[in-house]
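Working notes, beginning with the structure itself.
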Amino acid sequence: MHIAAKKFEELSTEELYRVLQLRSEVFVVEQSCIYQDVDGKDQKALHVLGTKNNHLVAYTRIFAPGDYYTEPSIGRVVVAPTARTHGAGRLIMTASLETIKEHFNTSEVRLSAQTYLQKFYRSLGFEQVGEGYLEDGIPHIEMLRK
């Protein structure tokens, strides 16, 4: 999988289209969750794209410290259904953590995880902080990596 981290203005229209298409495919259609994915936050994010054979198969977006939390944060973690069980999730998260280290010189990271993925995020060094909550009708937990 080829990984690239780009600011919003560095994304080509084709890349942006693929990002929005993948996020919609998984978060809206697959998870049956009607919500506003295009939330006005993409412009301030770093976008980490994982491609294989010229197809976007994994993606995250990263926010700087102070944008939403004291620490940098990772959101919109998504893996295409065809790339699951092939390690794409771990690769995109590892690349995202490395991108945070390079850009913000810290290993502290906060994220809002779908509860069923808690074990996966723990394997990457994240620990639950606070109580669980519903976000767009889906159980979530806040997690922190120090």
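All figures in this text were calculated on a predicted structure; none of them were measured in a lab.
- Grouping Ile, Leu, Val, Met, Phe, Trp and Tyr residues whose side-chain heavy atoms lie under 4.5 Å apart, directly or via other members, places Val129 in a hydrophobic cluster with Leu144.
- Arg76 contributes atom CZ, which lies 4.0 Å from atom CZ of Arg61 (distance to the nearest 0.5 angstrom).
- Under the 4.5 Å side-chain contact rule for hydrophobic residues, Val78 and Met1 do not share a cluster.
- Residues that satisfy the side-chain hydrogen bond (donor to acceptor under 3.5 Å, both in side chains) test with Tyr133, not counting sequence neighbours, are Ser112.
- We find the NE2-OG1 distance between His2 and Thr51 to be 5.5 Å, quoted to the nearest 0.5 Å.
- At distances below 3.5 Å, at least one donor-acceptor pair connects side-chain atoms of Asp39 with backbone N or O atoms of Lys41.
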### Lys146 and Glu108: CA distance, side-chain angles, deciding distance, salt bridge (Lys or Arg N to Asp or Glu O under 4.0 Å) verdict
CA-CA 4 Å; Lys146 291 188 175 194; Glu108 283 193 322; 5.1 Å; no

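- In terms of heavy-atom proximity, Ile92 sits nearest to Thr60 at CG1-CG2, 4.0 Å.
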### Query
Taking it one step at a time, do Leu97 and Ile74 satisfy side chain to side chain contact (heavy atoms under 4.5 Å, CB included)?
CA-CA 9 Å; Leu97 294 169; Ile74 300 173; 4.0 Å; yes

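- Taking hydrophobic clusters as Ile, Leu, Val, Met, Phe, Trp and Tyr residues chained together by side-chain heavy-atom distances below 4.5 Å, Met93 does not share a cluster with Val79.
- Formation of a donor-acceptor pair under 3.5 Å by the Gln114 side chain with backbone atoms of Tyr116 is not found in this model.
- By the side-chain contact (heavy atoms from CB on, under 4.5 Å) test, Ala5 is found to be paired with Val48, Thr99, residues two or more places apart in sequence or in another chain being considered.
- Checked against side-chain hydrogen bond (donor to acceptor under 3.5 Å, both in side chains), Glu14 has the following partners two or more places apart in sequence or in another chain: Arg18.
- With sequence neighbours excluded, the residues satisfying salt bridge (Lys or Arg N to Asp or Glu O under 4.0 Å) with Lys6 are Glu15.
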### Message
Could you walk me through whether Lys7 and Leu46 satisfy the side chain to side chain contact (heavy atoms under 4.5 Å, CB included) test, starting with their C-alpha distance in whole Å, then the side-chain angles of each, then the deciding distance to 0.1 Å, before giving a yes or no?
### Response
CA-CA 5 Å; Lys7 295 177 182 176; Leu46 276 172; 4.0 Å; yes

### Full working for side chain to side chain donor-acceptor pair (under 3.5 Å) between Arg90 and Ser123
CA-CA 9 Å; Arg90 185 163 304 280; Ser123 75; 2.8 Å; yes

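- Counted by atom type alone, Glu142 and Gln128 present zero donor-acceptor pairs between their side chains at under 3.5 Å.
- In terms of the side-chain contact (heavy atoms from CB on, under 4.5 Å) criterion, residue partners of Lys52 (sequence neighbours excluded) are, by chain and number, Val57.
- Partners of Thr13 under the side-chain hydrogen bond (donor to acceptor under 3.5 Å, both in side chains) rule, at least two apart in sequence or in another chain, do not exist in this structure.
- In Leu134, the CG atom is crowded: over 12 heavy atoms of neighbouring residues, nucleotides or ligands sit closer than 6.0 Å.
- Looking at residues two or more places apart in sequence or on another chain, you find no side-chain hydrogen bond (donor to acceptor under 3.5 Å, both in side chains) involving Glu98.
- Across all non-hydrogen atoms, the minimal contact from Ile3 to Gly50 is CD1-CA, 4.0 Å.
- Under the ring pair (Phe, Tyr, Trp, His ring centres under 6.0 Å) criterion, the residue pairs touching residues 64-95 are Phe63-Tyr68, with sequence neighbours excluded.
- Atom-to-atom distance recorded for Leu16:CG and Glu10:CD is 13.5 Å, nearest 0.5 angstrom.
- His103 places no side-chain N or O within donor-acceptor distance of the main-chain N or O of Lys101, the cut-off being under 3.5 Å.
- What you find for Ile62 and Ser96 is that their closest heavy atoms are CD1-O, 3.6 Å.
- Scored by the side-chain contact (heavy atoms from CB on, under 4.5 Å) test, Ser107 finds Arg145 as partners (sequence neighbours excluded).
- Every residue meeting the side-chain contact (heavy atoms from CB on, under 4.5 Å) condition with Thr115, not counting sequence neighbours, appears here in chain and number order: Pro139, Ile141.
- Atom CE of Met143 is separated from atom CZ of Arg110 by 11.5 Å, given to the nearest 0.5 angstrom.
- Closest heavy-atom contact between Phe126 and Val109: CE2-O, 3.5 Å.
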Could you list the donor-acceptor pairs under 3.5 angstrom formed by side chains in residues 19-30, with sequence neighbours left out?
unit_1	atom_1	unit_2	atom_2	d
Arg23	NE	Asp37	OD1	3.1
Arg23	NE	Asp37	OD2	2.9
Arg23	NH1	Asp42	OD1	2.9
Arg23	NH1	Tyr59	OH	3.2
Arg23	NH2	Asp37	O	3.4
Arg23	NH2	Asp37	OD1	3.4
Arg23	NH2	Asp37	OD2	3.2
Arg23	NH2	Asp42	OD2	3.0
Glu30	OE1	Arg84	NH1	3.3
Glu30	OE1	Arg84	NH2	3.1
Glu30	OE2	Arg84	NH1	2.9
Glu30	OE2	Arg84	NH2	3.4

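- Scanning both residues, Thr106 and Pro72, for their nearest heavy atoms gives CG2-CG, 3.6 Å.
- Under 3.5 Å, the side chains of Gln43 and Glu9 contain no donor-acceptor pair of N or O atoms.
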